[in-house]
Every structure is written in C-alpha cells, then in structure tokens.
Protein chains: 2
Amino acid sequence: MTDPSHSELPILAILGGTGKEGPGLALRWAKVGYRVIVGSRQLEKAQATATELNALLGTETIRGLENTAATREAEICVLTVVQAAHLPALESLKDVLPGKILVDTTARVDFRDPRPPAPPSAARQAQDILGPQVRVVAAFQNVPAHALKKNLGGSLDSEVLVCADDLPAALAVIDLATAAGMRAHYAGNLDNAVVVEGLTAILISLNKQYAVKTAAIHVTGISPQGETASPNGETANNPEGNPT
Amino acid sequence: MTDPSHSELPILAILGGTGKEGPGLALRWAKVGYRVIVGSRQLEKAQATATELNALLGTETIRGLENTAATREAEICVLTVVQAAHLPALESLKDVLPGKILVDTTARVDFRDPRPPAPPSAARQAQDILGPQVRVVAAFQNVPAHALKKNLGGSLDSEVLVCADDLPAALAVIDLATAAGMRAHYAGNLDNAVVVEGLTAILISLNKQYAVKTAAIHVTGISPQGETASPNGETANNPEGNPT
C-alpha cells in the first residue's frame, strides 16, 4: 500500500469496530487503500482485531486504538456499536468529534422482536448531542455483517441510503460506500434515516417470509440511462454495472 | 367482460375513489375483469367518475356509489382518501366493514414538507378502530398516481410492500397488485407499514436530489432463481420477468 494517491484518502476510524459490522467495513476499506483504525473501548481488543484483520489481508496498515484516540487521528469516524451503546458512545466521544464526519450505522431494531423505531432517527439524536461542529451522516444500517466479510474485492447486493443534513458530507460517505463495493444514494436529511432504520424490520420480515437471508432494497428510476447520477450532477460509480 | 372466470374475482370498492390514486387503480382492475365500484361521499361524484372511467376503457362495468353503499356490495375495499380524511372515513364506514378486507393506502407524508411519520402506522390505527372483524392490509402507499393511469395493461416500475397481520388477506392483496401490473411482497405485520409510509419521504428526496420523478424501491434477493417465491411457497407472477 505505497501508492501515493492513497495518502489523499481520508483516515477512517471504525468506532466499536470489534463487533459484528465493524470488521467487515474495515477490511473492505483497508483493501482498497484507506488507512483504517479499529477503535474499541479496550485498547487490547482493538489491537487484537487489527492484528486479525491485517493477517486476513496480508497487510499491516490497520491499527487498533482506544475509541477516543482513534477518533482524534481520523477524519471520518464510523460508529458501529450495538444499539444499547449508541447514546453512551456519543456522550463519551463528544469532545473529540468536532470538525469530523461521524457516520452513524445504528438501526434501533431488535432482531428477535423487530419493530420500526419512532422518530427522531438515531442519527438525528447523534446530531443533537454532538452539535453543529460534527457532520453526522446516517448510512450502512441495513448492510448484513456476514456479507461484508465475503468476497472482499467484490460488490455487495445491498444498496446504501445515505441521509445527512450536510450534502458534501453525504457525498464523502457515498464515496466510501462505493469504495466498499456498494451502490449508494443520497436519500434526504437525517430525519429520513428513521425510515432506513425501519427497513431493517422490513428486511427481517421478507427474509423470514420468503425463507432466505438475502433480501435487499434497491433504488431504481433515478436515472433513465441506468447509471446513477450523483447529487452534484456527476456520474457516480456503479460497481455492479447493473442497468437497474 | 362476460368471461365466466371473472365472476369468481372479488368485487372491489375504491373508497374515496374520485381522488388522485383511486381512478388509476379502478382502471387497471376493471381492465383485467374485476367488478369495480368507485365510492365517494357524494353519489354524483362517484357516478361521474365511473362514467368517465368506463368511457376510457370502452366498458360499462365500473359503477359509482356512495362510500357506504359501495362498501356493502364489495368483498375487498380499497381506501384511497386524502390523509386528512383517513380517520373520519374509517369511523363513518366502521359499521359496514366487518367481514371484509380493507386495503389502506394512506401514507401520512406531506409532499411540501416530507417527514417520516411516527408509529403506529395508519393501517394499525385503522385496525384498532375497525376491530378484529375487519382484515386490514396496508399497500399501495408509494405508487405514483400518474403512473397508474398510463399504459394500463402494462407493468409498473413500482413494487408494493404489503403489510398485514392476516397472511391470507395479504396474499389476496398481492394478487390484486399483480393483476394491476405490480410486483408485490409480503413485508410483515401492520406495524411495519409505518416504514412503507415513510418510504414516500425517501422517494420524494431521491426524486428531488436526482432531478427525476421516477425513483422507486425494488426488493431483491428473496429468491435465488430471480423469481418471486410467494409466502406460501408457490411461485408468484413476475409481471416484468425481471431477473432482479
């Protein structure tokens, strides 16, 4: 990973990155050249996960740090903690997040008793706690953890609905999703993220009813050419080349 | 429309059927042989719309009746009133709906200020008002009215997420959606319908951001063969034949 262009990519911290979702995202971004820091409340767990992921990739670029230190070193932080840790994690990182983009992946849906959550969205709650110095972006709530770890260089069937009040921050996260092999779309402000959280309940119902584990939601009809026009008018990558 | 098989199809009432959504649904179902009644609070408006729709189809099978009379004659009632009329319409029809399926198409999203609605879903509210003698099914919340009226015999890009506590009632509505040219999927109980309502806000955001009017949501990955397995294990129609 000595390609000099990679040094222009933002440094990423995956906070709570030793759980189910974090390692798969870390692997996909590290594989395409991002400098990735795995964060955890416990330094030793973070380092153990980093070592494990480096071994899988045959690299040494992934580092493990305590969440606060990881946040300080990163430009974009991706919060992948479990639902119960969401608000405590935000409170504990509030002082080190100003100036950064926080990607909130939280979907407040219990897999054993799936029900759509009520507004405000988890990401709107995050924005309210963190204040305007942090640009919060909601994304990746519906990506299945098991799929992230498979076929690392390949594309995923999951599409990502990205919600943010700040459009440039949303575009930065659309780039991240694209780099990780997912089509992503800007889907409005942080209030809309409650719908994306709730889609988790819909996907659980579809998987159960159709006896699969692969139900996914795709967006169609946003460009007559079958290419995804990005919100700034340019043409975004379409990793699957699908004429959807 | 003298095909004897058609007499086995359920009689449909489109309540509030003189508005934006109702006429397009009425046309599509009448075209494939359903006996359709357009309902309105005003008999004259219902009859005028029925006359207009019959003229478009070159038939005389669509009738116009006051909402209560329409409900009495139908087996499946489809409520397509505007948001503000949703709860009043349910109260006024409460006494005539027992024994029937009520399809609730309400999405409580204001197009000028789109925000995701809070639980309970409009359809859950309907079920609570109507009681267990009425089988409420939430469907068609995201189907654009303008698309319904075009290319009547053809398929629509919109897919329908059908939510109900009663699976046989949901399957009956999946059949109706299929007959009208839409792929439809069973997406869980009535609580999940709040997410489907909220998708309207997501679709408005996507249309605005990508400068189109055609954003739609598709479900993928519910069958490895690319055919939609229906919840009862049979293979449902895939009107577009898409290998999605």
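Below, chains carry the letters A, B, ... as their sequence lines are ordered, and counting in each starts from 1.
Near-neighbour residues of residues 197-208 of chain B relative to chain A, defined by a heavy atom under 4.5 Å from a heavy atom of that chain, comprise B:Gly198, B:Leu199, B:Ala201, B:Ile202, B:Ser205, B:Leu206. Of all residues spanning residues 117-146 of chain B, those with a heavy atom less than 4.5 Å away from chain A's heavy atoms are B:Pro117, B:Ala118, B:Pro119, arranged by number.
The minimum heavy-atom distance linking B:Gly221 with A:Val212 is given by the pair O-CG2, 3.6 Å. Smallest separation of non-hydrogen atoms from B:Tyr210 and A:His185: OH-CA, 3.3 Å.
Atom CG of B:Asp191 sits about 6.5 Å away from atom CZ of A:Arg115, to the nearest 0.5 Å.
Contact annotation: the side chain of B:Val219 approaches that of A:Ile217 to within less than 4.5 Å [non-hydrogen atoms, C-beta and beyond]. Considering only heavy atoms from C-beta on, A:Leu167 comes within 4.5 Å of B:Gln209 through its side chain. B:Pro116 places a side-chain heavy atom less than 4.5 Å from the side chain of A:Asn192.
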